[in-house]
Number of protein chains: 4
Amino acid sequence: MAPRTAPDPARRSERARSAVLAAAYELVSEVGFGRLTIEAIAARAGVGKQTIYRWWPSKGAVVFDAFLAANGRQDGDFSLPDSGDLGADLRIVLRLSADDLTDPTLDRTYRAINAEVLGDPAVQAEYRTRLLDPLLNVTRDRLRSAREAGQLAPDTDLDFAVELLYGPLYYRWLHQLGPVDHDFTDRLVDAVLRALNPPAAHGRSGA
Amino acid sequence: MAPRTAPDPARRSERARSAVLAAAYELVSEVGFGRLTIEAIAARAGVGKQTIYRWWPSKGAVVFDAFLAANGRQDGDFSLPDSGDLGADLRIVLRLSADDLTDPTLDRTYRAINAEVLGDPAVQAEYRTRLLDPLLNVTRDRLRSAREAGQLAPDTDLDFAVELLYGPLYYRWLHQLGPVDHDFTDRLVDAVLRALNPPAAHGRSGA
Amino acid sequence: MAPRTAPDPARRSERARSAVLAAAYELVSEVGFGRLTIEAIAARAGVGKQTIYRWWPSKGAVVFDAFLAANGRQDGDFSLPDSGDLGADLRIVLRLSADDLTDPTLDRTYRAINAEVLGDPAVQAEYRTRLLDPLLNVTRDRLRSAREAGQLAPDTDLDFAVELLYGPLYYRWLHQLGPVDHDFTDRLVDAVLRALNPPAAHGRSGA
Amino acid sequence: MAPRTAPDPARRSERARSAVLAAAYELVSEVGFGRLTIEAIAARAGVGKQTIYRWWPSKGAVVFDAFLAANGRQDGDFSLPDSGDLGADLRIVLRLSADDLTDPTLDRTYRAINAEVLGDPAVQAEYRTRLLDPLLNVTRDRLRSAREAGQLAPDTDLDFAVELLYGPLYYRWLHQLGPVDHDFTDRLVDAVLRALNPPAAHGRSGA
DNA sequence: CGATAAGCGAGACGGTACGTCAAGTCTTGTA
DNA sequence: TACAAGACTTGACGTACCGTCTCGCTTATCG
């Protein structure tokens, strides 16, 4: 009944798919997302435009897939260490995030993606499910395990905690308010842990 | 030295200028920044395209000016209350920020501007000087007065404190992680004050 | 060697081609060549501008093709009658030319084309090869056959003769020096034949 | 009552007038009529655009005036020699015409003017009265004096004769059918005289 | 195992918007 | 009040890409 016969994934050309993703990844870091065109991707990839339109709904989706393919988060295989020392573990993951944001190529691509996220709810949804939520989830999991271990108050709002942690990092990076370095992320972790611990929690994690 | 003879601001038509800004402001909230076109702005404003190109370097700059003109931050005339109660004062300003971000029209325009900021360093610079820095400055001033009043530790890093405050708010709004309401901002203020005033507050800050 | 990848004529849309030519032909006779725009042709033809730019180098070339398509000289299939009576045959062809020049639509289009010819050497070259030379050639051929039949002096300069014939016709038409009618062309043929015949050619043509 | 107050010729700036004409004349020979712009004329002349629009109705009129001003035909002061030898006198004037048409600058300007003539009846009318008719008139006068001297038949159609003379010259020049040199014009004069004086010349003209 | 239907590259198509150019008009001092 | 200067509205330019639509040409099941 569907007038538009959906393409058959079984017959999809792997060669074309990866050429498109590679071309998109290169181009977005060369010219930025705004100046990136489907035609340029097709030309660089040696692919017909229709092949792109057949498999991706939008330019954002292509770049997105390209980013995921190049940065290997697509398999949800990453998690936080759990050394028992919450502060140490958070410092590790925030330092890694800072390193990513600081890498020139990733910085550019990240900005491109964030700009798209701001402008297109569909892209935002995909960004959430494929990139952001996985990161927030593993962080939340680590906080939960700390809460269960009694290192955080039983009523700690984990969602809120995660936002306290990543919000300032993201804010500083996006608006270039200062260096996104390990000193900053370490101080950030300390501050968030202070905020999360009730006043009476004298003995505390840092101790 | 200028290769392209610059237009003479003295001869600029105020009628055209304000018509453009009004049209841009309306359109960006109607169709979003991505679907906004210079031609549509010119048509709505009853202005020649050249008049826009003569006075603004880019679509982003027009929208930006339109936003500033409509939201009157250009005169730096706003500041925080200073009731003596830091927490109360911060709650007020964060609530106002949340209200702005929640207003449907402002939300859309804000996203458009932020997308531009991400894509164009020049736009970002203007965003910083004309919108963001004034806000951060008045907030920092309030924190400073609190520090001088002995309500915060003398070595409190005010820049960092400001980022702790606005970062999570912005993060939640941008990625739609949850409702941007007064409950959230109130809890945020509390958390930040806890982070700034460590649990053993008296002992520590007094040390 | 071609820097700009040439379009593939095999893929050319016949529908678009003929719609463009028809629109151009209509418009040039409606508004004249000067007020004719590519955009108007594209709009009338229901065609994208790019389709015109893809296949024709200039507005003049489009109008030109339109004229040829509408007046069917492109196949060089026309020739002069050869009744044996040179004067009679020339009178026929000049009368036909005069009729063309007198037709209101053709007049307007002809003027447009001639104006282009004057302003653009490339258009002129095409005008020569596709419109003018074919006409001059068949006329020259008829004169040659007359020369071979002994009706003209053996040393008659055929190129010159042809110019004597069409020059005054064209001149009168272009500058509107008088009616371009059969009386005029008949007298013109007589005059040219007198000019071509040596003084001693007593008995002949006029007799 | 007239809403648009006509400019007062008495207050006209001679400096501006001649600067405009000079600039127009230079530019038309540099870039051709098609690429000539009013703005360029104004800029080159150091004149406001409005000054041009105030005194000339169209680009064609400016170029026209410029041409006349530069080539001094505006005072109708020229005429043909009358040596008593019609052929010799015609050869002289046709040679001069050919020289004009051959001069690179005049050629370009002439083509520009003729293109305008073709496209605009108003320009054509002015061309007739200010350039073409004066030339045809003096030629016609010379032919008339020859007719009165019995060198041409009493019933010779002088208008027709003039067209026979200039038509082929103009035709060859415009369509670049061959060299516009003295050999050509001399042969043209001979041919026209043959056409006007039929073979049985003596008998006839003497009758 | 050969037909047949899909994905593929290529690229022409009808469109929209771009950023530029020049048209002709209007405004603002200056002499 | 004519002038130089130049900003204004208008409209066409020629270009870049959009997303859709044929084209032949592999390729890889299935009848």
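Convention: sequence-line order gives letters A, B, ...; per-chain numbering from 1. Scope of the values below: all heavy atoms of this structure, side chains included, with no hydrogens, waters or symmetry mates.
A straight line from CG of D/L36 to C1' of E/dA23 spans 13 Å, rounded to a whole angstrom. Following rounding to the nearest Å, B/E39 (CD) and F/dT9 (P) show an atom-to-atom distance of 15 Å. Here the P atom of nucleotide E/dT16 and the CD1 atom of B/I38 are 18 Å apart, to the nearest Å. Taking atom CD1 of residue C/I41 and atom P of nucleotide F/dG14, one finds them 11 Å apart after rounding to whole Å.
Looking at residues 8-30 of chain C, you'll see C/D8, C/R11, C/R12, C/S13, C/R15, C/A16 sit with a heavy atom under 4.0 Å from some atom of DNA chain E. Within residues 43-61 of chain D, the residues approaching DNA chain E are D/K49, D/Q50, D/Y53, by heavy-atom distance under 4.0 Å.
Not a single ring pair (Phe, Tyr, Trp, His ring centres under 6.0 Å) links D/Y25 to another residue, sequence neighbours left out. Contacts of A/A40 classified as side-chain contact (heavy atoms from CB on, under 4.5 Å), with partners at least two apart in sequence or in another chain: A/L27, A/T37. Residues passing the side-chain hydrogen bond (donor to acceptor under 3.5 Å, both in side chains) test with D/W56 are D/D65, sequence neighbours excluded. Scored by the salt bridge (Lys or Arg N to Asp or Glu O under 4.0 Å) test, D/R108 finds no partners at all (sequence neighbours excluded).
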> Which dot-bracket string fits DNA chain F when only Watson-Crick or G-U wobble pairs with both atom distances under 3.5 Å count, crossing pairs get [ ], and | stands for a partner on a different strand?
Replying inline: |||||||||||||||||||||||||||||||
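Side-chain atoms of D/L106 and D/F67, non-hydrogen and from C-beta on, do get closer than 4.5 Å to each other. A heavy-atom distance below 4.5 Å is found between the side chains of C/N114 and C/Y127. Residues A/F64 and A/R130 meet the side-chain proximity criterion, which asks for heavy atoms closer than 4.5 Å.
Legend: salt bridge (charged side-chain N to carboxylate O under 4.0 Å, His left out) pairs involving residues 42-54 of chain C, not counting sequence neighbours, sorted by first then second residue: C/E26-C/R44, C/E30-C/R44, C/E39-C/K49.
From D/S58, atom OG reaches atom CD of D/E126 across 8.0 Å, with rounding to the nearest 0.5 Å.
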Throw together a table of side-chain donor-acceptor distances under 3.5 angstrom for residues 17-24 of chain C, partners on residues two or more places apart or in other chains.
residue, atom, partner, partner atom, Å
C/R17, NH1, C/E14, OE1, 3.1
C/R17, NH1, C/E14, OE2, 2.8
C/S18, OG, C/E14, O, 3.0
C/S18, OG, C/R15, O, 3.3

